[in-house]
Amino acid sequence: VDSEVLDHVAPADREAVHSRMRLVDESPFESMALRKDGSIMSVETCSGSALHKGQRVIVTAMRDITERKLVERRLRHSEERYRIVAENISDVIMTMDLDLQMTFLSQSVDQLLGSKPDKLVGRSFASLMTVDAAQIALLSIQEELELEGVPGTDPMRSRTLDLDFI
């Protein structure tokens, strides 16, 4: 393995990167690398073998993923904040797919309906409501879907409905 590549790897990761390069495992892996100024960055590394002038050589490519890692970290923090709110709010928070099957329910649904969220995920949201409430909800969803893409419509809009559950 060419030590020149390893010179760009952060000291703490050199052994692991060296091992992966020797295995010629072509699946990408993450490690830390050194920038020209000596600062450390996150990289995704891929290695493979090739023939060069009749000799088998290891070809390695590193891609800076520092920005991606930062975005992933921010997303995890955002999801954690959302989870804390969703688990501690008394209102029911629900998400559905386009078939109107529930994909998420906050813990508060247990207090309201006496059912754990995981027992309700995958069911139609209308199955939890009276017939009249389901019709009101479906009409509201239809109205909101019709507004999608209409110029000047607030993409962050929300609608609160007071519905009767069974």
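Owing to the predicted nature of the structure, the values given are computational and were not obtained by experimental measurement.
In this structure, I40 and L34 have side chains that are in contact, with non-hydrogen atoms separated by less than 4.5 Å. In this structure, V57 and L51 have side chains that are not in contact, with every pair of non-hydrogen atoms separated by 4.5 Å or more. At a threshold of 4.5 Å between non-hydrogen side-chain atoms, the residues T103 and F125 do not count as touching. Between S42 and E30, the closest side-chain pair of non-hydrogen atoms is not below 4.5 Å. Looking at heavy atoms from C-beta onward, H8 lies out of side-chain contact with R35 at the 4.5 angstrom threshold. Under the 4.5 Å side-chain criterion, counting only non-hydrogen atoms from C-beta, I93 is in contact with Y82. Using a 4.5 Å cut-off on side-chain heavy atoms (C-beta onward), R123 and L128 make contact. Looking only at side-chain heavy atoms (C-beta outward), Q135 and L139 stay at 4.5 Å or farther from each other.
Atoms OG and CD, on S106 and E87 in that order, are 9.5 Å from each other to the nearest 0.5 Å. Taken to the nearest 0.5 Å, the CD1 atom of I141 stands 12.5 Å off from the CD atom of E146. Taken from CE in M94 to CZ in F104, the straight-line distance is 10.5 Å, to the nearest 0.5 Å. Atom CG of D64 and atom CE of M41 lie 5.0 Å apart (nearest 0.5 Å). With values rounded to the nearest 0.5 angstrom, D99 atom CG is found 10.0 Å from S124 atom OG. Between atom CZ of residue R14 and atom CG of residue D7 there is a gap of 6.0 Å, rounded to the nearest 0.5 Å.
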Enumerate, atom names and distances included, each donor-acceptor pair closer than 3.5 Å involving a side-chain atom of residues 70-78, sequence neighbours excluded.
residue : atom : partner : partner atom : Å
E72     : OE2  : R68     : NE           : 3.4
H77     : ND1  : R73     : O            : 3.0

Acceptor/donor pairs from residues 159-166 side chains to any protein atom, 3.5 angstrom cut, sequence neighbours excluded:
residue : atom : partner : partner atom : Å
R159    : NE   : E144    : OE2          : 3.0
R159    : NH1  : S140    : OG           : 3.3
R159    : NH1  : E143    : OE1          : 2.7
R159    : NH2  : E143    : OE1          : 3.3
R159    : NH2  : E144    : OE2          : 2.9

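Between the side chain of R63 and the backbone N or O of E44 there is no donor-acceptor pair closer than 3.5 Å. Using a distance-only test at 3.5 Å, with no hydrogens or angles considered, a donor-acceptor pair links the side chain of N88 to the main chain of I84. When atom types are taken as modelled, the side chain of D37 and the backbone of S39 share a donor-acceptor pair closer than 3.5 angstrom.
There is a path of hydrophobic side-chain contacts, each under 4.5 Å, that joins V92 to L113. Under a hydrophobic clustering in which Ile, Leu, Val, Met, Phe, Trp and Tyr are joined whenever their side-chain heavy atoms come within less than 4.5 Å, directly or via other members, V85 and V109 fall into different clusters. Residues L105 and I89 fall into different hydrophobic clusters, defined by Ile, Leu, Val, Met, Phe, Trp and Tyr side chains chained together at heavy-atom separations under 4.5 Å. Connection of V131 to I136 is not established within any shared hydrophobic cluster, with ILVMFWY side chains joined at heavy-atom distances below 4.5 Å, either directly or through further cluster members.
Here E148 pairs with R157 under the salt bridge (charged side-chain N to carboxylate O under 4.0 Å, His left out) rule; sequence neighbours left out.
Crowding of Q101 atom CD: a count of heavy atoms from other residues, nucleotides or ligands under 6.0 Å exceeding 12.
Shortest non-hydrogen contact noted between T153 and L147 is OG1-O, 3.5 Å. Nearest heavy atoms, V59 versus A50: CG2-CB, 4.0 Å. Between A33 and M62, the closest heavy-atom pair is CB-SD, 4.3 Å. The minimum heavy-atom distance between P28 and C46, with the atom names listed, is CB-SG, 3.5 Å.
Inspection of the S108 and S90 side chains reveals no N or O donor paired with an N or O acceptor under 3.5 Å. Side-chain contact, T130 with D132: no donor N or O sits under 3.5 Å from an acceptor N or O. Counted by atom type alone, T60 and S47 present one or more donor-acceptor pairs between their side chains at under 3.5 Å.
Ion pairing of E79 with R83 is absent here, as no side-chain N (NZ or NE/NH1/NH2) approaches a carboxylate O to less than 4.0 Å.
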I'd like to know whether V9 forms a side chain to side chain contact (heavy atoms under 4.5 Å, CB included) with T45, so could you lay out the CA-CA distance, the side-chain angles of the two residues, the decisive distance to 0.1 Å, and finally the verdict. CA-CA 10 Å; V9 176; T45 304; over 6 Å; no

Working for side-chain hydrogen bond (donor to acceptor under 3.5 Å, both in side chains), residues S31 and R20: CA-CA 11 Å; S31 65; R20 291 286 300 261; over 6 Å; no

